[in-house]
Amino acid sequence: QVQLQESGPGLVKPSQTLSLTCTVSGGSIVHNYYYWSWVRQPPGKGLEWMGAIAYSGSTYYSPSLKSRTSISRDTSKNQFTLQLSSVTPEDTAVYYCATSLRLGVPEPSDYWGQGTQVTVSS
């Protein structure tokens, strides 16, 4: 079974960069033909797909977040990371990593991390 776990600071100050890491076990971000995605859910709102990195290393981003989003990976650790720059309180959300066969918000039946709360506040 594929397992994913998010980690990183729970509090980020406005204008700073939000950085999160997803650690994957039971599957390979290189050798499995999946997209590895970041998804977030602000309080009281729906899921928003942020972007993904494919097994090849190619990256894909939501148009609304592309200018300040960067997804990268560390293949030796089987991890992929999210960096969201110039954050504001509107970026406060639960952040999830997940994997799927296609781009976009993964299906509920796909593999998801538990999510991690990130609050943007001074």
Side-chain angles (χ1 to χ4, degrees):
Q1 294 285 333
V2 176
Q3 293 183 322
L4 302 90
Q5 185 174 70
E6 305 89 348
S7 62
L11 180 65
V12 183
K13 293 184 176 181
S15 81
Q16 294 186 338
T17 296
L18 182 160
S19 297
L20 296 173
T21 297
C22 183
T23 300
V24 178
S25 61
S28 172
I29 64 173
V30 174
H31 298 120
N32 292 114
Y33 285 35
Y34 294 131
Y35 296 98
W36 304 87
S37 291
W38 286 100
V39 180
R40 69 180 183 179
Q41 186 170 36
K45 299 182 179 180
L47 296 168
E48 178 185 22
W49 181 76
M50 303 181 69
I53 187 164
Y55 69 94
S56 64
S58 298
T59 53
Y60 308 86
Y61 300 102
S62 169
S64 63
L65 296 170
K66 182 178 179 64
S67 65
R68 58 191 186 100
T69 303
S70 179
I71 297 173
S72 58
R73 65 182 184 176
D74 185 337
T75 57
S76 68
K77 295 182 174 64
N78 208 32
Q79 296 176 330
F80 63 104
T81 62
L82 169 72
Q83 295 190 6
L84 181 67
S85 66
S86 303
V87 298
T88 73
E90 295 297 310
D91 294 310
T92 294
V94 176
Y95 285 76
Y96 300 91
C97 57
T99 187
S100 63
L101 295 177
R102 296 184 178 274
L103 289 174
V105 177
E107 299 291 334
S109 59
D110 289 322
Y111 294 104
W112 293 70
Q114 273 205 162
T116 185
Q117 173 70 44
V118 179
T119 299
V120 179
S121 177
S122 60

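In what follows, residues are counted from 1 in the order of the sequence shown.
Leu82 and Tyr96 fall into different hydrophobic clusters, where Ile, Leu, Val, Met, Phe, Trp and Tyr residues are linked whenever their side-chain heavy atoms come under 4.5 Å apart, directly or through other members. A single hydrophobic cluster is not seen to contain both Phe80 and Tyr35; linkage of ILVMFWY side chains at heavy-atom distances under 4.5 Å, directly or through other members, places them apart. Leu84 and Val120 end up in the same hydrophobic cluster when Ile, Leu, Val, Met, Phe, Trp and Tyr side chains are linked at under 4.5 Å. If you chain together hydrophobic residues whose side chains sit under 4.5 Å apart, Leu103 and Tyr61 never meet in one group. Residues Tyr60 and Ile29 do not share a hydrophobic cluster, defined by chaining ILVMFWY side chains whose heavy atoms lie under 4.5 Å apart.
Atoms SG and CH2, on Cys97 and Trp112 in that order, are 10.0 Å from each other to the nearest 0.5 Å. To the nearest 0.5 angstrom, Gln41 atom CD is 10.5 Å from Glu48 atom CD. We find the OH-NE2 distance between Tyr55 and His31 to be 11.5 Å, quoted to the nearest 0.5 Å. Rounded to the nearest 0.5 angstrom, Trp38 CH2 and Gln83 CD are separated by 11.0 Å. Expressed to the nearest 0.5 Å, how far OG1 of Thr119 lies from CD of Gln117 amounts to 4.0 Å.
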(request) Please test Trp36 against Cys22 for side-chain contact (heavy atoms from CB on, under 4.5 Å), starting from the C-alpha separation and ending with a verdict. (result) CA-CA 9 Å; Trp36 304 87; Cys22 183; over 6 Å; no
(message) Please evaluate residues Ser121 and Leu11 with respect to the criterion side-chain contact (heavy atoms from CB on, under 4.5 Å), reporting the C-alpha separation (whole Å), side-chain torsions for both, the decisive distance (0.1 Å), and the verdict.
(response) CA-CA 7 Å; Ser121 177; Leu11 180 65; 4.1 Å; yes
(request) List the steps and the verdict of side-chain contact (heavy atoms from CB on, under 4.5 Å) for Met50 and Ile71. (result) CA-CA 10 Å; Met50 303 181 69; Ile71 297 173; 5.8 Å; no
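Looking at Asp91, Leu18, Leu47 one by one, the single match for side-chain contact (heavy atoms from CB on, under 4.5 Å) with Arg40 turns out to be Asp91.
More than 12 heavy atoms of other residues, nucleotides or ligands shown are found within 6.0 angstrom of CD on Gln16. For Tyr34, the OH atom counts as loosely surrounded, since its 6.0 Å shell holds 12 or fewer non-hydrogen atoms of other residues, nucleotides or ligands. Around atom CD of Gln114, no more than 12 heavy atoms belonging to other residues, nucleotides or ligands sit under 6.0 Å away.
Between Val39 and Trp49, the closest side-chain pair of non-hydrogen atoms falls below 4.5 Å. Put simply, the side chain of Val12 reaches to within 4.5 Å of the side chain of Val118, judged on heavy atoms.
At least one donor-acceptor pair closer than 3.5 Å links the side chain of Glu6 to the backbone N or O of Gly115. Side-chain atoms of Thr69 come within 3.5 Å of backbone atoms of Leu65 as a donor-acceptor pair (strictly under, hydrogens ignored).
In terms of heavy atoms, Ser28 sits closest to Asn78 at CA-OD1, 3.6 Å. Minimum interatomic distance between Pro42 and Gly46 (heavy atoms only, all atoms of both residues): CD-O, 3.7 Å. The two residues Pro106 and Ser37 have their closest heavy-atom pair at CG-CB, 4.4 Å. Thr92 approaches Pro43 most closely through the heavy-atom pair O-CD, 3.5 Å.
Residues Thr17 and Ser19 have side chains that never bring a donor and an acceptor to within less than 3.5 angstrom of each other. Looking only at atom types and distance, the side chain of Thr21 has no donor-acceptor partner in the side chain of Ser7 under 3.5 Å away.
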